[in-house]
Amino acid sequence: MLRLDPFKVERPTTVDEAVALLAAHGAKARVLAGGTDLLPNLKHGLHQPELVVSIGGVAGLRGVKDAGEVLEIGALTTLAELERHPLLAQFAPGLARAAAQVAGPQLRRMGTIGGNLCLDTRCLYYNQSAFWREALGYCLKKDGSVCHVVADGKKCVAAASNDTATMLMALGAEVELRARDGTRRVPLDAFYLPDGAKNTVVDEGELLVCVRVPKGSPARREGYAKLRHRNSIDFPLLSVAVALDVEGVAPGTVTGGLLVVSALQARPLRVSLDAVRGRALDDGAIEELGRLAHGRCHPMTNIADDPAWRRDMVPVLVRRAVADALHA
Ligand SMILES: Cc1cc2nc3c(=O)[nH]c(=O)nc-3n(C[C@H](O)[C@H](O)[C@H](O)COP(=O)(O)OP(=O)(O)OC[C@H]3O[C@@H](n4cnc5c(N)ncnc54)[C@H](O)[C@@H]3O)c2cc1C
Ligand code: SF4
């Protein structure tokens, strides 16, 4: 049985109290939302906080609001709520479908959007018990000095594995981060860093309080496709999100949008749609997008399955994501 090391728990009820606790304890504190990622990681000894700041009782961080040109989603809104929220069905259906593919139903009832966006990166050599990792001599990300994925690697390349991040990046969303001395807004594109040891810009003392998602126009089509072993529970082996602006009679002409691929390395990868802008969204254009994405994606041995097979699946997932956008 995996045991938890001892730590103190505080349960603030306001954002001000939460950020004051985080500021006072710095690197020794850790935020707990739904706990579906943090608790297994604590049991594996991947983090050793002195204080866990449990934010489940903080007022004002739950729910989806129509805020004019954007939907404002509180950090504690659960993935299960997003899956079937009427505002998402109307204005950000791709996000609802990406949320519906996280883990399984029980985990989506506990797991929050804030926790999903701040999910720790994952690696076969890291998401293991302390005993397992010790037997291997640990690794660069935690307690060791070598990377088992990249020989002589100086930087961790563990994979971003959060389903909603891929879709939210394609949709051009931004997050709001609150600290004791102020608030800042960060576009998701600037939120993720290419370092698996810490792949977000969230500083010590900061709390993610909400996500703002631009409302889709009638021309926007949103699609999501995920590769995994089982259609439930499993983390992505690859994920592709697409936001396509398509105008005119079917198949329509591409006027803008973005494609994002994740579960590769620490940062989701943007693939521009410039090559197909102004073209009909026919089979040729979709194949071209798949080719472009394939050229940019280089899966590694950081997560399960043959990287060459995962790379071959990139154009397949691009096709599935576009089909999801056009036909869902
Ligand atoms: C068996 C299993 C399968 C899973 N499958 C998937 C999957 O397919 N796809 C997927 O995306 N995820 C998956 N997960 C991971 C997890 O369930 C989800 O990512 C979930 O959304 C995490 O949210 P949470 O509220 O439980 O986060 P927590 O576990 O509470 O927190 C996760 C991390 O975010 C930090 N954090 C949480 N909230 C905030 C905040 N507001 N501000 C700053 N930091 C914060 C925490 O400190 C922690 O580091 C799986 C987990 C398990 C156990
Ligand atoms: S990518 Fe390398 S450093 Fe990062 S967790 Fe995996 S083995 Fe460790």
Side-chain angles (χ1 to χ4, degrees), residues 15 18-19 22 29-43 46-47 49 52-56 58 61 74-80 82 98-104 106-128 133 136-151 153-167 175-179 195-200 202-211 226 228-237 239 262-263 265-266 300-303:
V15 171
V19 294
L22 293 174
R30 201 90 204 180
V31 175
L32 176 103
T36 59
D37 182 53
L38 186 70
L39 284 171
N41 289 355
L42 291 178
K43 288 188 169 185
L46 297 173
H47 317 293
V52 166
V53 180
S54 172
I55 59 171
V58 171
L61 292 185
L76 286 179
T77 312
T78 64
L79 299 164
L82 294 182
Q101 294 196 44
V102 174
Q106 295 93 333
L107 288 158
R108 293 196 295 273
R109 282 174 67 88
M110 291 293 292
T112 64
I113 183 81
N116 194 237
L117 289 176
C118 297
L119 186 77
D120 197 4
T121 54
R122 296 185 62 81
C123 175
L124 284 172
Y125 302 96
Y126 172 74
N127 295 98
Q128 304 287 354
R133 290 181 296 110
L136 198 68
Y138 301 108
C139 81
L140 198 58
K141 180 166 177 179
K142 174 75 181 141
D143 298 328
S145 56
V146 294
C147 175
H148 305 292
V149 174
V150 180
K154 298 284 175 274
K155 196 175 68 178
C156 172
V157 291
S161 305
N162 24 14
D163 286 291
T164 68
T166 324
M167 194 69 234
V175 295
E176 185 170 306
L177 301 175
R178 185 86 64 86
D195 183 354
K198 181 183 175 301
N199 81 328
T200 74
V202 180
D203 281 333
E204 280 167 22
E206 276 187 322
L207 187 68
L208 191 157
V209 290
C210 72
V211 192
K226 171 173 178 174
R228 57 176 166 178
H229 290 145
R230 297 165 291 188
N231 279 336
S232 189
I233 289 288
D234 290 327
F235 281 94
L237 298 170
S239 63
S262 197
Q265 300 180 25
M300 306 181 110
T301 54
N302 49 4
I303 51 179

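Both counts, for ligands and for their atoms, begin at 1 and track the order of listing.
- Side-chain N/O atoms of Lys226 and Thr166 include no donor and acceptor closer than 3.5 Å.
- Between Ile233 and Leu107, the closest side-chain pair of non-hydrogen atoms falls below 4.5 Å.
- Counting only heavy atoms of the protein, atom 41 (N) of ligand 1 lies nearest to Leu208 O, 2.9 Å.
- Under 3.5 Å, the side chains of Asn199 and Thr121 contain no donor-acceptor pair of N or O atoms.
- Considering both main-chain and side-chain atoms, Leu119 never comes within under 3.5 Å of ligand 1 through any nitrogen or oxygen pair.
- Scanning all protein heavy atoms for the shortest distance to atom 49 (O) of ligand 1 gives Arg30 NH2, 3.3 Å.
- Between Ala103 and ligand 1, at least one N/O pair is under 3.5 Å apart.
- Residue nearest to atom 16 (C) of ligand 1, selected from Leu207, Leu177, Thr36, Val209: Thr36 (by heavy-atom distance).
- Under 4.0 Å from ligand 1, the heavy atoms of Lys226 that appear belong solely to its side chain.
- Interface atoms of ligand 1 facing Ala33, defined by a heavy-atom separation under 4.0 Å, are 25 (O), 30 (O), 37 (C), 38 (N).
- Residue contacts with ligand 1: Gly34 is placed with a nitrogen or oxygen under 3.5 Å of a nitrogen or oxygen of the ligand (distance criterion only).
- In this structure, the protein non-hydrogen atom closest to atom 31 (O) of ligand 1 is Gly115 CA, 4.1 Å.
- Counting the atoms of ligand 1 from 1 in the order shown, those under 4.0 Å from a heavy atom of Ser161 are 9 (N), 10 (C), 11 (O).
- For ligand 1, the atoms sitting less than 4.0 Å from at least one non-hydrogen atom of Asn162 are 11 (O), numbered in the order shown with element in parentheses.
- Considering backbone and side-chain N/O atoms, Leu39 never comes within less than 3.5 Å of an N/O atom of ligand 1.
- Considering both main-chain and side-chain atoms, Val31 comes within under 3.5 Å of ligand 1 through a nitrogen or oxygen pair.
- With respect to atom 35 (C) of ligand 1, the closest heavy atom belonging to the protein is Cys118 CB, 3.7 Å.
- Short contacts between ligand 2 and Val157, defined as distances under 4.0 Å to a heavy atom of the residue, involve ligand atoms 1 (S), 4 (Fe).
- A donor-acceptor pair under 3.5 Å is formed between the side chain of Lys141 and the backbone N or O of Gly196.
- If you take CD1 on Ile55 and CG on Leu76, they are separated by 4.5 Å, rounding to the nearest 0.5 Å.
- In Leu107, the part holding a heavy atom less than 4.0 Å from any atom of ligand 1 is the side chain.
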Exercise. Take Leu124 and Val149 through the side-chain contact (heavy atoms from CB on, under 4.5 Å) test and state the conclusion after the steps.
Key: CA-CA 9 Å; Leu124 284 172; Val149 174; over 6 Å; no

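- Formation of a donor-acceptor pair under 3.5 Å by the Arg108 side chain with backbone atoms of Val102 is found in this model.
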Self-check item: Asp195/Cys156 under side-chain contact (heavy atoms from CB on, under 4.5 Å): CA gap, chis, key distance, verdict
Solution: CA-CA 6 Å; Asp195 183 354; Cys156 172; 4.0 Å; yes

Quiz prompt | Worked verdict on Tyr125 versus Leu136 for side-chain contact (heavy atoms from CB on, under 4.5 Å) | solution = CA-CA 8 Å; Tyr125 302 96; Leu136 198 68; 3.5 Å; yes

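- Under the side chain to side chain contact (heavy atoms under 4.5 Å, CB included) rule, Val31 has a single partner from Leu38, Val202, Val52, Leu207, which is Leu207.
- Atom CG in Leu61 sits 9.5 Å away from atom OG1 in Thr112 (nearest 0.5 Å).
- Of the protein's non-hydrogen atoms, Phe235 CE2, 3.1 Å is the one closest to atom 13 (C) of ligand 1.
- In terms of protein heavy-atom proximity, atom 9 (N) of ligand 1 is nearest to Asp163 OD2, 2.6 Å.
- The shortest N or O to N or O distance between Ile233 and ligand 1 is below 3.5 Å.
- Residue Met110 places its CE atom among 12 or fewer non-hydrogen atoms of other residues, nucleotides or ligands, all under 6.0 Å distant.
- Take Asn41 and apply the side chain to side chain contact (heavy atoms under 4.5 Å, CB included) test, not counting sequence neighbours, and it matches Asp37, Leu46, His47, Asp120, Asn127.
- Contacts of Asp234 with ligand 1, taken as heavy-atom pairs under 4.0 Å, involve the backbone alone.
- Residue contacts with ligand 1 for Ile55 involve side-chain atoms from C-beta outward but no N, CA, C or O (heavy atoms, distance under 4.0 Å).
- The main-chain N or O of Gln101 is found under 3.5 Å from a side-chain atom of Arg228 such that the two form a donor-acceptor pair.
- Looking only at distances, a side-chain donor or acceptor of Asn162 sits under 3.5 Å from a matching main-chain atom of Asn116.
- Scanning all protein heavy atoms for the shortest distance to atom 28 (P) of ligand 1 gives Gly35 N, 3.5 Å.
- For the pair Thr112 and ligand 1, the shortest N or O to N or O distance falls below 3.5 Å.
- Close contacts between ligand 1 and Leu79 involve ligand atoms 21 (O) [criterion: under 4.0 Å to a heavy atom].
- If you check which protein heavy atom lies closest to atom 18 (C) of ligand 1, you get Asn116 ND2, 3.7 Å.
- Here the side chain of Lys142 pairs no donor or acceptor atom with the backbone of Gly144 at under 3.5 angstrom.
- Atoms CD and CG, from Gln265 and Asn302 in turn, are 7.0 Å apart once rounded to the nearest 0.5 Å.
- Only protein N, O or S atoms were considered, and those under 2.8 Å from atom 8 (Fe) of ligand 2 are Cys139 SG.
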Exercise. Test side-chain contact (heavy atoms from CB on, under 4.5 Å) on Glu206 and Leu208 and set out the steps.
Key: CA-CA 7 Å; Glu206 276 187 322; Leu208 191 157; over 6 Å; no

